[in-house]
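Encoded as C-alpha cells, the structure appears first; notes follow it.
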Amino acid sequence: MQALSDVSFELGRGEIVGLIGPNGAGKTTLVNIMSGFDAPDTGRIEMEGEDITSWKPTKRATAGLARTFQQGHLFAGMNVRENIAVAALGVGARGRAAGRRAAELLTLLDLEHRADSEARSLPHGEASKLGVARALATDPNYLLMDEPAAGLSEPEVPPFVEILNSLRSDHGIGVLLIDHNIELIVEVCDRIVVLDQGRVLVAGAAREVRDNPAVAAAYLGGSSVIGEAGDA
Ligand SMILES: Nc1ncnc2c1ncn2[C@@H]1O[C@H](COP(=O)(O)OP(=O)(O)OP(=O)(O)O)[C@@H](O)[C@H]1O
Ligand SMILES: [Mg+2]
C-alpha cells in the first residue's frame with residue numbers, strides 16, 4: 001500500500017503553511033519523510049537547493065529542519081528543562097548555551113512551573129508544548145508541527161497562535177502546521193495544502209481553500225472541525 005503518491009510540496013522561510021486532511025490522509029507520513037524519519041520509495045527532499053533525501057534526522061535538524069511529533073518522543077524520565085537542553089545539545093550547542101536556551105523556551109512556552117517535573121507526568125497540552133520547545137531548541141529555519149495544538153485547552157490556544165506568528169515574523173521560520181481545526185488553520189496560515197488519500201486534493205491561499213467545495217466534500221458534512229483528532 002502506498003501512503004503518499006505524487007505529492008509535491010514546498011515550504012518557504014517566513015510563511016506558515018497549513019496541512020490538513022482526514023485521518024489517514026498521509027499528513028504524518030509526509031512530515032516523517034520530510035524530516036528523515038521515513039524514507040520515500042521514490043522522489044526527493046531538498047532544503048535550500050540541496051538534496052537531503054539520504055540525510056538522517058539529526059543531520060537535517062542540525063542544518064535547520066525541526067519537527068514535532070503527534071505523540072511521544074519526549075525523554076519520559078527526564079525533567080522538562082533537561083528535555084529542552086538535551087535537544088539543543090543534540091545539534092551541537094555547548095552546555096551553558098543549552099541551559100540558557102532551555103530557560104528562554106520555558107518562558108516562551110509558559111512551562112516554567114513545570115521545569116523540574118518529569119516529562120512523563122505532563123498532561124497532553126503541556127507535553128505538546130514541550131515538544132514544540134524541544135524543536136525550537138534546535139534553532140530551526142523550518143519547523144514541521146504535527147498537531148501541536150491538539151491537546152491545548154481553550155485559553156492556551158491564543159498564546160500559542162502568538163508564538164506561531166512570532167516564529168514567522170520575528171524569526172523568519174517557515175512553519176508547517178498540521179491541525180484538524182480548520183478555523184485555527186485559516187486564522188494562522190498563509191497557504192493551505194489539503195491531503196486526501198495520500199494525494200494533494202487542493203492547495204492555495206487559506207480562505208480560498210477553506211471555501212473550495214471539493215474540500216468540504218472530502219469531509220462528511222463539511223463541518224468546521226474536520227476528522228477526529230488523534231489516534232494515528
Ligand atoms: N511507511 C508506511 N508505508 C505504507 N503505509 C503507511 C506507512 N506509514 C503509514 N502508513 C499508512 O498511511 C496512511 C497515512 O497515515 P498518516 O499517519 O500519515 O495519516 P495522517 O494524515 O497523519 O492521519 P491523522 O490525522 O490520523 O494523524 C495510513 O493509512 C497509514 O496506515
Ligand atoms: Mg497524523
Side-chain angles (χ1 to χ4, degrees), residues 1-11 16-45 52-58 60-61 65-74 123-132 134-135 140 142-152 157 160 164 174-189 191-204 206 209-210 212 214-232:
M1 186 202 138
Q2 247 185 330
L4 292 174
S5 100
D6 267 341
V7 174
S8 175
F9 174 84
E10 207 167 307
L11 175 66
I16 306 181
V17 176
L19 181 62
I20 65 172
N23 293 126
K27 304 180 298 294
T28 296
T29 304
L30 181 58
V31 165
N32 286 345
I33 286 174
M34 291 174 79
S35 55
F37 286 80
D38 255 346
D41 297 325
T42 59
R44 65 202 186 120
I45 319 295
I52 63 167
T53 316
S54 65
W55 291 17
K56 298 258 182 300
T58 310
R60 297 188 203 204
L65 177 61
R67 67 163 301 174
T68 72
F69 293 87
Q70 195 162 356
Q71 265 158 17
H73 287 269
L74 303 171
H124 185 186
E126 286 179 340
S128 174
K129 288 204 275 189
L130 176 54
V132 174
R134 281 175 51 81
Y142 302 95
L143 175 55
L144 316 177
M145 308 178 96
D146 199 352
E147 302 198 27
L152 299 185
V157 174
F160 182 67
L164 290 175
V175 176
L176 178 73
L177 177 64
I178 299 178
D179 202 274
H180 283 285
N181 181 340
I182 185 105
E183 294 311 325
L184 172 70
I185 289 286
V186 170
E187 179 189 345
V188 181
C189 296
R191 296 191 288 123
I192 298 178
V193 175
V194 186
L195 273 189
D196 189 28
Q197 298 180 31
R199 293 173 185 274
V200 175
L201 180 70
V202 187
V209 169
R210 177 192 57 190
N212 186 317
V215 176
Y219 308 101
L220 293 175
S223 75
S224 66
V225 176
I226 49 185
E228 295 294 324
D231 55 356

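All ligand and atom numbering here is 1-based and tracks the order in the structure. The model shown is predicted, which means the values in this text are computed figures rather than measured ones. Excluded from the calculations below are hydrogen atoms, water molecules and symmetry mates; all remaining heavy atoms, backbone and side chain alike, are included. Note that the numbering runs from 1 along the sequence shown for the chain.
- Applying the salt bridge (Lys or Arg N to Asp or Glu O under 4.0 Å) definition to pairs two or more places apart or across chains, none involves residues 27-41.
- Judged as a side chain to side chain contact (heavy atoms under 4.5 Å, CB included), and not counting sequence neighbours, the contacts of Arg210 are Ile182, Glu183, Val186, Arg207.
- Considering backbone and side-chain N/O atoms, Gly21 never comes within less than 3.5 Å of an N/O atom of ligand 1.
- The distance from the Mg ion (ligand 2) to the nearest N/O/S atom of Thr28 is under 2.8 Å.
- Between the side chain of Arg60 and the backbone N or O of Trp55, at least one donor-acceptor pair lies under 3.5 Å.
- In summary, of the residues considered (Leu65, Val175, Thr68), a side chain to side chain contact (heavy atoms under 4.5 Å, CB included) with Leu144 occurs for Leu65 alone.
- The Mg ion (ligand 2) has no N, O or S atom of Thr29 closer than 2.8 Å.
- The ligand atoms of ligand 1 that sit less than 4.0 angstrom from a heavy atom of His180 are 25 (O).
- Of all atoms in ligand 1, numbered sequentially from 1 with element shown, those under 4.0 Å from a heavy atom of Ala3 are 5 (N), 6 (C), 10 (N), 12 (O).
- Closest heavy-atom approach to atom 18 (O) of ligand 1 among the candidates Thr29, Ile33, Asp38: Thr29.
- Within the listing of ligand 1, atoms 25 (O), 27 (O) sit less than 4.0 angstrom from a heavy atom of Glu147.
- Residue Asn23 has at least one heavy-atom neighbour below 4.0 Å for each of these atoms of ligand 1: 23 (O), 24 (P), 25 (O), 26 (O).
- In summary, the atoms of ligand 1 found under 4.0 Å from a heavy atom of Gln70, numbered by their order in the structure, are 27 (O).
- In summary, the atoms of ligand 1 found under 4.0 Å from a heavy atom of Thr28, numbered by their order in the structure, are 17 (O), 18 (O), 20 (P), 22 (O), 27 (O).
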